Amino acid sequence: MQDTVRVRFAPSPTGPLHIGGVRTALYNYLFARKNGGKMLLRIEDTDQNRFVPGAEDYIIEALSWIGIQIDEGQGVGGPHGPYRQSERAAIYRAEALRLVEEGKAYYAFDTAEELDEMRKRLEAANAPAAQYNAITRMQMKNSLTLSADEVQTRIDSGAPYVIRLKTPRKEEVRLNDLIRGWVNVHSSAIDDKVLLKSDGLPTYHLANVVDDHLMGITHVIRGEEWLPSAPLHVLLYRYLGWEDTMPRFAHLPLLLKPEGNGKLSKRDAELGGFPVFPLQWQDPFTGNVARGFREDGYLPEALVNFLAFLGWNPGTEQELFTMDELIEAFDIEQIHKAGARFDIVKATWFNHQYLRQQPNAGLAPAVIRQAEAAGLTCSTEKAEKIAGLLKERVNFAHELFTEGQTLFYTPDSYDQAVATAKWNDDARKAVTFFREALLSFDGAFEADVIKHTLSDTLQQAGIKQGKVMQAMRLALTGVGAGPDLMMTMEIIGRDEVLHRLSLALEKL
RNA sequence: GGCCGAUUCGUCUAGCGGUUAGGACACCGCCCUUUCACGGCGGUAACACGGGUUCGAUUCCCGUAUCGGUCACCA
C-alpha cells in the first residue's frame with residue numbers, strides 16, 4: 001500500500017531560479033498532481049555565505065507565474081514547518097548528535113589548512129582519492145583519534161568542530177532510481193562527509209535527508225548533479241534508522257548548452273540573447289539585471305510546454321499540452337536519461353502556438369502599452385483589431401506593435417524597388433479613382449465593404465486588380481509586404497487612408 | 001584522473017528483437033495569397049564504433065570512443 005505521494009521542490013535562495021530548476025519543479029508538480037499527491041516548497045538556506053536577499057520571494061513568484069501551485073511549505077504553511085532550513089537548525093543538530101552517540105558519526109577538529117595539507121599529501125602519494133575517509137580519518141584530529149577527555153575539553157572550550165559521517169569502509173550501496181534503474185556504488189568511494197558544519201548548521205546532505213523524512217516525502221525528484229551523492233543519502237537514511245520509509249529517487253537529465261560542451265549557464269543566455277531565468281532579476285549587490293522569460297514575452301503555458309518536452313515525451317505525436325493535459329499524460333518512467341540541449345528556437349515556436357490562441361482582448365493591452373511608450377495613443381478597439389490582424393504572424397506580443405508600424409505611422413518614404421517595379425500609370429490611376437470613390441464613401445468603414453468598393457472602382461476603370469494591388473499597398477504603407485490590406489485600411493480609418501493616398505500621389 | 005551516468009536526423013524525441021526507423025523544431029521546395037507572413041503538402045537528414053548473444057539486432061551483453069555529472073565546513 002503506497003502512501004500518499006508527497007514531493008518537494010527544495011531550492012537554495014542564492015539568486016534567481018535557473019530555468020533547469022523550474023523544470024525540476026515542474027516535473028515534481030506534474031508527478032504530484034498525476035498521483036493525487038502534494039507538492040511542497042522547502043527553502044534550503046543552510047549556507048549563510050551564499051544567502052541573497054530577495055531570492056526566496058523570486059522563487060515563489062516564479063513558481064506562481066509558471067502555474068505551479070504549492071500545497072504545503074514556505075509561503076503557504078503546513079503541519080511540518082518551518083519550511084526554511086535555517087529555522088530548523090536544532091532539529092538537524094539533534095540528529096547529528098544522535099549519530100555521534102550511536103557511533104555512526106564523529107567530531108572532527110581539523111582546520112582548513114590541515115585538511116588542505118592532508119589532500120596535498122595524498123595527491124603527492126598518488127592516492128586514488130584524496131579524501132577524508134575510513135583510512136585517512138585515523139591520521140586526523142577527531143573524536144576517533146583523540147581521547148574522550150581531549151574531545152570534551154576542545155568542545156567545552158568552544159573550539160570549532162564539525163560532525164562527520166563515519167562512512168563504512170567496505171559496503172555496497174544500492175539505489176533503485178525511478179529513471180535510471182539500479183545504481184551501485186561502493187562505500188569506499190564515499191568520503192566522511194561533513195554533516196554539521198562548524199557554524200552549527202547542517203550541510204545539504206543531512207538537512208535534506210532529515211527534512212525529507214520528517215516531511216513525509218515519498219519521492220525525491222531532482223537534477224542529475226545529485227546522483228553521485230545519492231548513495232550517501234541512502235547510507236544516511238540507513239544510519240538514521242529510516243531506511244524502511246526512504247523515499248524513491250528520480251534523477252533528472254540536465255539541460256545542456258545550445259551548442260558546445262557543458263550544462264546550460266547564465267553565460268550561454270547572454271551569448272545567445274535569450275533568457276535563462278523565468279523572471280527578470282536584478283542582482284541586489286551588483287545591480288546587474290538578467291532578463292527573464294516573462295519580461296521577454298514568453299507566455300507561461302508556452303514555457304511549461306517547452307520545458308516539459310525537454311527530457312520527457314508522452315510517446316504520442318501530440319505536441320501542444322496544457323498543464324492539465326501534461327498532468328494527465330505525465331509518466332516519470334518515460335523521462336529520457338540523457339541531457340537535453342536547450343534550443344530557444346523551439347521555445348519561440350511554442351510561444352507562437354500559444355500566442356495565436358490568445359483572445360484579441362488579452363493581447364490588446366500589450367499593444368496599447370507599447371504604443372504609449374512610443375508616444376502614441378491607441379484605443380482598445382484599435383489594439384484588439386491589430387492583435388487579430390497580426391497575432392498569427394508573430395511569436396511575441398511585443399511584436400504586434402513592431403509588426404504593426406504601418407498601422408501607426410503615415411509613410412514618410414516609399415520602398416524604391418517596389419516603386420520602380422509597380423508604380424506606373426495604371427497604379428496612379430487606380431489610386432486616384434479609389435481615392436475619389438472613398439471621398440463619397442459613407443457607412444461603416446470596414447474591410448469587406450472597402451474590398452467591394454475597391455474592386456468595383458477598379459472594374460469601372462478597366463484596371464486589373466492584380467496588376468495594381470502592390471502599388472496600392474505601397475501607396476498606403478510605403479512598403480511592398482504586410483498583412484491584409486483591407487483590414488489595414490479599416491484599422492487606420494478612412495481619413496488616414498485618404499491622407500495617405502493623396503500623399504502617395506504627390507510623392508511617388 | 002577516480003567514481004557514476006548517458007549515446008537515434010543539426011536540435012528535442014518515438015522506438016522497449018523482425019518498422020519503408022515515426023513525429024516536432026530548424027532548413028529546402030511546392031501550394032494558398034494582390035504582397036509578406038500564417039497555414040497546407042512534400043523533401044533533405046539519424047541508430048557513435050567494434051565484438052558477442054540470436055534465425056534476426058537501433059533494441060540485450062561486453063569493450064572502445066565521445067559527451068555529461070561529481071569528487072567542499074556549496075547546494
Side-chain angles (χ1 to χ4, degrees), chain A residues 10-14 44-47 49-50 85 108 110-112 115-116 119 123 126-132 160-164 175 177 179-181 183-186 188-191 193-205 207-208 222-231 251 253-254 256-259 261-263 306 309-320 334 336-350 352 356 390-394 403 418 422 454 464-474 477 479-486:
Chain A
S12 236
T14 54
E44 309 220 331
D45 56 347
T46 54
D47 184 358
N49 301 317
R50 295 210 305 159
Q85 290 186 328
D110 315 276
T111 62
L115 289 171
D116 209 40
R119 292 195 183 102
E123 271 164 33
N126 264 325
Q131 56 184 23
Y132 209 118
Y161 65 88
V162 299
I163 290 178
R164 283 180 182 271
L175 148 83
D177 190 276
I179 296 171
R180 288 150 207 287
V183 177
N184 302 318
V185 176
H186 196 84
S188 61
I190 305 171
D191 61 352
K193 278 275 178 298
V194 170
L195 264 21
L196 201 72
K197 297 181 280 186
S198 57
D199 64 3
L201 287 171
T203 56
Y204 169 87
H205 309 291
N208 198 260
R222 77 231 299 193
E224 191 185 0
E225 69 268 27
W226 291 111
L227 193 53
S229 50
H251 289 93
L254 264 22
L256 272 22
K257 292 180 186 296
E259 49 201 42
N261 302 156
K263 61 177 175 180
F306 167 64
F309 270 63
L310 238 35
W312 173 82
N313 183 292
T316 67
E317 291 186 355
Q318 185 182 346
E319 299 278 333
L320 265 20
Q334 275 181 36
H336 201 69
K337 295 182 179 71
R341 281 192 191 280
F342 189 84
D343 179 14
I344 197 66
V345 177
K346 190 98 179 219
T348 303
W349 177 79
F350 273 110
H352 171 72
R356 54 183 302 189
L390 301 175
K391 68 181 177 185
E392 294 200 347
R393 307 169 63 89
V394 302
E403 268 293 295
V418 181
K422 304 285 181 181
L454 178 62
K464 280 233 167 68
Q465 191 163 340
K467 293 261 187 195
V468 297
M469 280 308 287
Q470 204 168 5
M472 188 67 71
R473 174 180 292 283
L474 179 73
T477 66
V479 293
D484 181 74
L485 197 55
M486 305 308 148

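None of these values were measured; they are calculated from a predicted model. When reading the values below, keep in mind they use all heavy atoms of this one structure, side chains included, and skip hydrogens, waters and symmetry mates.
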Quiz item: What is the pairing partner of rU58(B), taking Watson-Crick or G-U wobble pairs with both distances under 3.5 Å in any strand?
Solution: none
Quiz item: Between Glu319(A) and Leu485(A), which is nearer to the 5' end of RNA chain B once each is assigned its nearest nucleotide?
Solution: Glu319(A)
Quiz prompt | Who pairs with rC16(B) - Watson-Crick or G-U, where each distance is under 3.5 Å | solution = none
Practice problem: Have a look at Asp45(A) and say if it touches a base, only the backbone sugar-phosphate, or nothing, with a 4.0 Å heavy-atom cut-off. | Solution: nothing
Exercise. Could you check how far CG of Leu390(A) sits from P of rC38(B), rounded to whole Å?
Key: 13 Å
Quiz item: Watson-Crick or G-U wobble partner for rU64(B), using a 3.5 Å limit on both distances?
Solution: rA48(B)
Quiz item: Does Lys197(A) have a side-chain nitrogen or oxygen under 4.0 Å from the phosphate oxygens OP1 or OP2 of rC74(B)?
Solution: yes
Quiz prompt | Heavy-atom closest contact (Val162(A) atom, Ser198(A) atom, distance) | solution = CG1-N, 3.6 Å
Quiz item: Base, sugar-phosphate alone, or nothing: which one does Thr46(A) contact when heavy atoms must sit under 4.0 Å apart?
Solution: sugar-phosphate
Exercise. Scan Pro202(A) against the nucleic acid and name what it touches under 4.0 Å (heavy atoms): base, sugar-phosphate only, or nothing.
Key: sugar-phosphate
Quiz item: Given rC12(B), rU7(B), rU13(B), which nucleotide is nearest the side-chain atoms of Lys346(A)?
Solution: rC12(B)
Quiz item: Who are the side chain to side chain donor-acceptor pair (under 3.5 Å) partners of His336(A), not counting sequence neighbours?
Solution: none
Quiz prompt | Partner nucleotide, any strand, of rG39(B) [Watson-Crick/G-U, under 3.5 Å] | solution = rC31(B)
Practice problem: Answer with base, sugar-phosphate or nothing: what part of the nucleic acid does Phe309(A) contact at a heavy-atom distance below 4.0 Å? | Solution: sugar-phosphate
Quiz item: Are Leu485(A) and Met472(A) side-chain neighbours, meaning at least one heavy-atom pair lies under 4.5 Å?
Solution: yes
Self-check item: Minimum-distance nucleotide to Leu310(A) side chain [options: rA6(B), rC12(B), rA24(B)]
Solution: rC12(B)
Quiz prompt | Minimum-distance nucleotide to Trp349(A) side chain [options: rU34(B), rC4(B), rA26(B)] | solution = rA26(B)
Quiz item: Using atom C1' of each nucleotide, how far apart are rG43(B) and rG22(B) to the nearest Å?
Solution: 16 Å
Self-check item: Contacts of type ring-ring contact (aromatic ring centres under 6.0 Å, His included), residue Tyr161(A), not counting sequence neighbours
Solution: Tyr107(A)
Exercise. For nucleotides rC60(B) and rG15(B), find the distance between their P atoms and express it as a whole number of Å.
Key: 12 Å
Practice problem: Mind checking Ala481(A) for me? I need base, sugar-phosphate or nothing, with any heavy atom below 4.0 Å counting as a touch. | Solution: base
Self-check item: Euclidean distance for P, rU11(B) against rA45(B) (whole angstrom)
Solution: 16 Å
Quiz item: Roughly how many Å is it from CG in Asn49(A) to P in rC73(B), rounded to a whole number?
Solution: 13 Å
Quiz item: For the side chain of Val162(A), counting heavy atoms from C-beta on, which of rA75(B), rC4(B), rC73(B) is nearest?
Solution: rC73(B)
Quiz item: Which whole number of Å gives the distance between the P atom of rC55(B) and that of rC41(B)?
Solution: 45 Å
Quiz item: Parallel under 30°, tilted from 30 to 60°, perpendicular over 60°: which one fits the rings of Phe306(A) and Phe342(A)?
Solution: perpendicular
Which atom pairs link the protein and nucleotides 62-72 of chain B when you take only N or O atoms and keep those under 3.5 Å?
from, atom 1, to, atom 2, distance (Å)
rG68(B), OP1, Gly262(A), N, 2.8
rG69(B), OP1, Lys263(A), N, 3.2

Quiz item: If you measure from CZ on Arg473(A) to CG on Asp484(A), what distance do you get to the nearest 0.5 Å?
Solution: 7.5 Å
Self-check item: Between rG10(B) (C1') and Lys257(A) (NZ): distance, integer Å
Solution: 19 Å
Exercise. Give one of base, sugar-phosphate or nothing for Arg180(A), where a contact means two heavy atoms less than 4.0 Å apart.
Key: sugar-phosphate
Quiz prompt | Nearest-neighbour nucleotide for the Glu317(A) side chain, rG23(B), rU13(B), rC3(B) considered | solution = rG23(B)
Self-check item: Distance, C1' atom - from rC47(B) to rC16(B), rounded to whole angstrom
Solution: 14 Å
Self-check item: For rA24(B), the Watson-Crick or wobble counterpart (both distances under 3.5 Å)
Solution: rU11(B)
Self-check item: Minimum heavy-atom distance between Pro483(A) and Leu390(A), given as atom pair plus value
Solution: CG-CD2, 3.6 Å
Quiz item: In Å and rounded to the nearest 0.5 Å, what is the CG to OG1 distance from Asp343(A) to Thr348(A)?
Solution: 8.5 Å
Quiz item: Expressed in angstrom and rounded to an integer, what is the separation of His352(A) atom NE2 from rA37(B) atom C1'?
Solution: 9 Å
Exercise. Starting from C1' on rG10(B), measure out to CD1 on Ile344(A) and report it in whole angstrom.
Key: 17 Å
Quiz item: If you measure from the P atom in rC71(B) to the same atom in rG29(B), how many Å do you get, rounded?
Solution: 49 Å
Self-check item: Closest-nucleotide ordering on RNA chain B, the 5'-leading residue of Ala340(A) and Gly480(A)
Solution: Ala340(A)
Exercise. Indicate, with a heavy-atom threshold strictly under 4.0 Å, whether Ser198(A) touches base, sugar-phosphate, or nothing.
Key: base
Self-check item: Euclidean distance for P, rG69(B) against rC61(B) (whole angstrom)
Solution: 25 Å
Practice problem: Please state how far atom NZ in Lys422(A) lies from atom C1' in rU35(B), giving the value in whole angstrom units. | Solution: 9 Å
Quiz prompt | Minimum heavy-atom distance between Gln470(A) and Gly480(A), given as atom pair plus value | solution = NE2-O, 2.9 Å
Quiz item: Touch check for His251(A), heavy atoms < 4.0 angstrom, all strands: base, sugar-phosphate only, or nothing?
Solution: nothing
Quiz item: Considering only rA75(B), rC4(B), rC38(B), which nucleotide approaches the side chain of Glu392(A) most closely?
Solution: rC38(B)
Quiz item: Should rC71(B) form a Watson-Crick or G-U wobble pair with both distances under 3.5 Å, which nucleotide is its partner?
Solution: rG1(B)
Quiz item: Just checking Asp110(A): base, sugar-phosphate only, or nothing, at a heavy-atom cut-off of under 4.0 Å?
Solution: base
Exercise. Please work out if His186(A) contacts a base, only the sugar-phosphate, or nothing of the nucleic acid, heavy-atom cut-off 4.0 Å.
Key: nothing
Exercise. Mind checking Lys337(A) for me? I need base, sugar-phosphate or nothing, with any heavy atom below 4.0 Å counting as a touch.
Key: sugar-phosphate
Self-check item: Contact summary for Met469(A) and Met486(A), nearest pair of heavy atoms
Solution: CE-CE, 3.7 Å
Quiz item: Does His336(A) have a side-chain nitrogen or oxygen under 4.0 Å from the phosphate oxygens OP1 or OP2 of rA14(B)?
Solution: yes
Quiz item: Side chains of Ile179(A) and Lys337(A): closer than 4.5 Å at any heavy-atom pair?
Solution: yes
Quiz item: Ala189(A) has a side chain; which of rC3(B), rC25(B), rA75(B) sits nearest to it?
Solution: rC3(B)
Practice problem: Please state the C1' separation for the pair rA26(B) and rA46(B) - nearest whole angstrom. | Solution: 15 Å
Quiz prompt | Which nucleotide in rU34(B), rC12(B), rG39(B) has an atom nearest any side-chain atom of Arg473(A) | solution = rU34(B)
Quiz item: Which distance, rounded to the nearest 0.5 Å, do you find between the CG of Leu175(A) and the CZ of Arg180(A)?
Solution: 10.5 Å
Exercise. Scan Val345(A) against the nucleic acid and name what it touches under 4.0 Å (heavy atoms): base, sugar-phosphate only, or nothing.
Key: sugar-phosphate
